[in-house]
Amino acid sequence: MNTKIGIGLRREFVDELVQQKQLKPDFIELAPENWMKMGGYWKKKLRQVTEKYPVTSHGLSLSLGSPEELDYDFMKELKKFLEENNVQIFSEHLSYTKTNNAHIYDLLPIPFREDAVKHVATRIREAQELLGRKIAIENVSYYTPVDAEMDEAEFLNGVVEEADCNLLLDVNNVYVNAFNHNYDAREFINRLPLDKVAYIHMAGHEKVEPDLIIDTHGEAIIDPVYRLFEYTVNRMPEVPVLLERDFNFPELEELQQEMNNLRNITEKAWRKENANTR
Amino acid sequence: MRTLDNYTEKLQHRMTEYCRTGSPNFLPGTNGKGMKHYRRLSFNIFNNTLEQAYPITQEFLNEKEWMELVDGFFSGHDCQTPLLWQMPYELYTYVEENDLKLKEKYPFLPELIYFEWLEIEVHTMEDIDITAEYIPDKHFEGTVPLVNPEHRLVQLNYPLHLKPIKEAIQLPGQYFVLIFRDPEEGNVHFINLSVVFVFALEQLSQQDLTINELAIMISEQFGVEDTGEIKKHLKGFFEDLFGQQAVLGYKPKK
């Protein structure tokens, strides 16, 4: 068994990924919006990395939760980019980054409401059709609900079922939301369609106030999040796992150590699972 | 078929309005602390991206002026690009198209922002394939110089490419700059040009011309009779550009 453990591609360590001296991920994930329509130096670097590793892609600006229409020109460019870079899994956030014809580039919380489930699911189905592939929808961290009619798990389940899409399960986001909104993270995990998970995100966060955590991707993963991850992977089939680190970079060995930690946990869980299914 | 209720749509619009303006906008079922963090986080995305794109402008303006610029843009301009790295270009169009107090105080502000954007644009512009066959050498007798296509040719009112900003704004005039990306490392270079060489490069961008032909055109355009002297200068000019990789070689004249 060889669980795939990957890392999010950042410009700060792109050369290291090419040289593979300290970081040895099995795959990389890139945000298409950070690389699309670029030539020159960064295009060369991107090519060097994508020639070396399998690639997944995590979108930022599709804004699947927007009230308005999808941006069809952008979708065409995105499809081309995903094909050119041989992207194996494409994921996007269950949020919106654009309303009133203006991008805001932040992941805003969709109101957990019945009509929003139907609306977002319709948009995801349309996006999947245009891209010619399934999208894995990520559960995002949110810092306030907005006039909710249901809880997050019900909303997430409703969207995944109606859209017939996959799920990108961000375990750190589950931890962050459970802390901020005072619910049980394990119970939340139990309610998710774990058979639909295409891959998992893991990251660090920052506690900015005694009762508020912000999902920063700027710190190391903390033990309670590792424990929630262990709990989760013991309840689901084997999938790739990705480490996200977006700034405040430590020594590269520390990032590799975090990937090793993830590998150790998954190997224990999924070795057991494979033995049981033999 | 419309699947979203007007009410939910309104909630979403009001959420983004709050993030962009910070003006009180009661949203049912929200908590104030979380809302403030969305406002802070979204503003920071704009501020950080613009700081990275425009370090000279940011350093030139005082903190209050910079925040006024970013805040005005964030709240007043509807960003159209889904690519965050292209968003700073929209700051330039916003400053160019709107009557801002800052422009009264600093009339050169749009040009400064544009100049900083140009470096990003040339560095990241999509690769341009060269379809014509050419020889990567500097034999420009009777041949056509091949200009590196990854370039911009611009006119500035201040020598921002030659002097630090505080000195440059004391020297208004007409300046011409060739900004290009070297094909190997992808670094961006700036070359100050005289109007004659700008004319030569513009003519070359429209049709294949030898140095002889260019010299005749320059002679007619600028009323200089000694075409031999013009040829000598053109040859030196293109050889220099070749050395810097702004010219990649030559094509035989058909």
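Letters A, B, ... are given to chains in the order of the sequence lines, protein chains preceding strands, and every chain is numbered from 1. Bear in mind the structure is a predicted one, so any value in this text is a computation, not a measurement.
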Neighbourhood of chain B inside residues 104-117 of chain A, taking heavy atoms under 4.5 Å as contact
I104(A), Y105(A), D106(A), L107(A), L108(A), P109(A), P111(A), R113(A), D115(A), A116(A)
Tell me which one of N177(A), D170(A), N180(A), D215(A) satisfies side chain to side chain donor-acceptor pair (under 3.5 Å) with S141(A).
D215(A)
When the 4.5 angstrom heavy-atom criterion is applied to L83(B) and chain A, the contacting part is both
Quick one: are the ring centres of Y175(B) and F115(B) less than 6.0 Å apart?
no
For chain B, which of V120(A), I214(A), L62(A), N100(A) has the most heavy-atom pairs under 4.5 Å?
N100(A)
Identify which part of K37(A) has an atom lying under 4.5 Å from any heavy atom of chain B, answering side chain, backbone, both or neither.
both
Output yes when a side-chain donor or acceptor of E92(A) lies under 3.5 Å from a complementary backbone atom of H58(A), and no otherwise.
no
Closest approach of M125(B) to P149(B) (non-hydrogen atoms, all atoms of both residues)
CE-O, 4.4 Å
Measuring heavy-atom distances to chain B, does D71(A) have an atom under 4.5 Å in its side chain, in its backbone, in both, or in neither?
side chain
Option in L212(A), T99(A), D147(A), V146(A) with maximal non-hydrogen atom pairs under 4.5 Å from chain B
D147(A)
Side chain, backbone, both or neither: which part of H37(B) has a non-hydrogen atom closer than 4.5 Å to chain A?
side chain
In this structure, CZ of F43(B) is separated from CG of N48(B) (nearest 0.5 Å) by 9.5 Å
Interface residues of residues 127-140 of chain A facing chain B - non-hydrogen atoms under 4.5 Å apart
none
Ordered numerically, the heavy-atom neighbours of chain A under 4.5 Å found in residues 240-251 of chain B are none
Who among G186(B), P82(B), S42(B) has the most heavy-atom pairs with chain A under 4.5 Å?
P82(B)
Quick one: are Y143(A) and L41(B) in side-chain contact, heavy atoms under 4.5 Å?
yes
What parts of residues 202-211 of chain A touch chain B if we use heavy atoms and a cut-off under 4.5 Å?
V208(A), E209(A), D211(A)
K76(A) atom NZ, neighbour heavy-atom count above 12 within 6.0 Å:
no
Looking only at heavy atoms, what is the nearest atom pair of N98(B) and K103(B), with distance?
O-NZ, 2.9 Å
If I measure from the heavy atoms of chain A, does E150(B) come under 4.5 Å with its side chain, its backbone, both, or neither?
neither
Compute whether any side-chain donor of one residue and acceptor of the other, for E119(B) and H123(B), lie under 3.5 angstrom apart.
no
Distance in Å, E84(A) CD paired with M36(A) CE, rounded so as to fall on 0.5 Å steps:
9.5 Å
For H201(A) and N173(A), which I'm curious about, is there any donor-acceptor pair between the side chains at under 3.5 Å?
no
Looking at K33(B), I'd like to know if its NZ atom is crowded, meaning that more than 12 non-hydrogen atoms belonging to other residues, nucleotides or ligands lie closer than 6.0 Å.
yes
State whether a side-chain donor-acceptor pair under 3.5 Å links E96(B) with Y114(B).
no
T144(A) side chain to N31(B) main-chain N or O, any donor-acceptor pair under 3.5 Å?
yes
Calculate, to the nearest 0.5 Å, the distance between atoms CG and CE belonging to L156(A) and M150(A) respectively.
11.5 Å
Interchain contact, K44(A) with chain B, by part (heavy-atom threshold 4.5 Å)
side chain
One thing to verify: whether R125(A) and D164(A) come together as a salt bridge, which I'm taking to mean a side-chain N less than 4.0 angstrom from a carboxylate O.
no
Looking only at non-hydrogen atoms, find the nearest pair between L30(A) and I28(A) and report the distance.
CD2-CD1, 4.1 Å
Counting heavy-atom pairs under 4.5 Å to chain B, which of S61(A), G40(A), A121(A) comes out on top?
G40(A)
Any salt bridge linking D71(B) with R39(B)? Criterion: basic side-chain nitrogen under 4.0 Å from a carboxylate oxygen.
yes
Side chain / backbone / both / neither for Y7(B) at chain A, heavy atoms under 4.5 Å
side chain
Which one wins on heavy-atom pair count under 4.5 Å against chain A: P28(B), G34(B), C19(B)?
P28(B)
Please check if atom CD in E185(B) has more than 12 non-hydrogen atoms from other residues, nucleotides or ligands closer than 6.0 Å.
no
Contact class of R40(B) relative to chain A, heavy atoms under 4.5 angstrom:
side chain
If you measure from the Lys or Arg side-chain nitrogens to the Asp or Glu carboxylate oxygens, is any gap between K79(A) and E83(A) under 4.0 Å?
yes
Which atoms form the tightest heavy-atom contact between P88(B) and Y54(B), and what is the distance?
O-OH, 2.6 Å
Using heavy-atom distances under 4.5 Å, tell me whether T49(B) contacts chain A through its side chain, its backbone, both, or neither.
neither
4.5 Å side-chain heavy-atom contact, W35(A) and N85(A):
no
May I ask you to name which of K118(A), H103(A), E33(A) has the most heavy-atom pairs under 4.5 Å with chain B?
H103(A)
Looking at chain A, which one of I128(B), I45(B), N44(B), T81(B) has the largest number of heavy-atom pairs inside 4.5 Å, strictly under?
T81(B)
Of D182(B), L27(B), L84(B), V122(B), the largest count of non-hydrogen pairs under 4.5 angstrom with chain A goes to L84(B)
Exceeds 12 heavy-atom contacts within 6.0 angstrom, atom CG of D184(A)
yes
Looking at E17(B), R20(B), Q12(B), which has the largest count of heavy-atom pairs under 4.5 Å with chain A?
Q12(B)
Can you tell me if Y89(B) uses its side chain to pair, donor with acceptor, with the backbone of E121(B) under 3.5 Å?
no
State, with a plain yes or no, whether a side-chain heavy atom of E244(A) is found less than 4.5 Å away from one of N172(A).
no
